[in-house]
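As the structure is a computational prediction, the values presented were derived from the model and not from experiment.
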Amino acid sequence: MIIKKLHDAGVKSEHAYLAGMASIGLSFVSWMVSMKAEQAGLDRADRWGIFVGEWAPTFFCVGLALSQYEREPNPVYANDPRLSATTT
């Protein structure tokens, strides 16, 4: 139900996709900055780039889940008994 809470908070699939694209750019920037600013060498720069670059698939997956949730009718949650259960 995390996707429902994100959707209710106003997060749209486009926001998650943009965050994924920004993560790719930030990965490159963090690699470049680490190469120039730190004396640790290529290994540490690669680690920074990979660390930030691993965020992108997560953001893209959240974007896909939000995209599915935004569809009408909602096929992903159509048969979820937690959403159709009524309290008596």
Side-chain angles (χ1 to χ4, degrees):
M1 305 307 346
I2 292 172
I3 299 303
K4 181 181 181 335
K5 289 193 182 282
L6 285 172
H7 179 73
D8 292 344
V11 178
K12 299 195 180 297
S13 59
E14 292 86 10
H15 299 141
Y17 294 142
L18 286 172
M21 294 302 290
S23 174
I24 293 170
L26 185 60
S27 174
F28 180 71
V29 169
S30 68
W31 180 80
M32 289 290 290
V33 168
S34 181
M35 283 289 293
K36 303 285 185 205
E38 293 183 325
Q39 301 300 322
L42 182 64
D43 290 341
R44 182 167 304 168
D46 286 347
R47 287 185 196 112
W48 271 112
I50 291 170
F51 172 69
V52 176
E54 288 177 348
W55 302 346
T58 303
F59 287 129
F60 288 131
C61 288
V62 169
L64 285 172
L66 283 166
S67 175
Q68 289 290 318
Y69 189 82
E70 292 165 358
R71 285 189 181 175
E72 290 296 330
N74 194 334
V76 174
Y77 295 100
N79 297 322
D80 191 344
R82 297 171 292 183
L83 296 177
S84 61
T86 58
T87 58
T88 56

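Using a 4.5 Å cut-off between side-chain heavy atoms of Ile, Leu, Val, Met, Phe, Trp and Tyr, with links allowed through other members, F60 and L64 fall into the same hydrophobic cluster.
When every heavy atom of S23 is checked against every heavy atom of V52, the shortest pair comes out as OG-O, 3.0 Å.
Identified under the side-chain hydrogen bond (donor to acceptor under 3.5 Å, both in side chains) test for residues 53-65, with sequence neighbours left out: none. Here ring-ring contact (aromatic ring centres under 6.0 Å, His included) pairs that include residues 1-27, with residues two or more places apart or in two chains, are H7-Y69. Residue pairs meeting the salt bridge (charged side-chain N to carboxylate O under 4.0 Å, His left out) criterion with at least one member in residues 5-28, sequence neighbours excluded, are K4-D8.
Remark: L6 CG to S13 OG distance equals 11.5 Å, nearest 0.5 Å.
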Tabulate below the donor-acceptor pairs under 3.5 Å that side-chain atoms of residues 24-32 make, not counting sequence neighbours, or state none.
{"residue": "S27", "atom": "OG", "partner": "G49", "partner atom": "O", "Å": "2.6"}
{"residue": "S30", "atom": "OG", "partner": "L26", "partner atom": "O", "Å": "3.2"}
{"residue": "S30", "atom": "OG", "partner": "S27", "partner atom": "O", "Å": "2.9"}
{"residue": "W31", "atom": "NE1", "partner": "D46", "partner atom": "OD1", "Å": "2.9"}

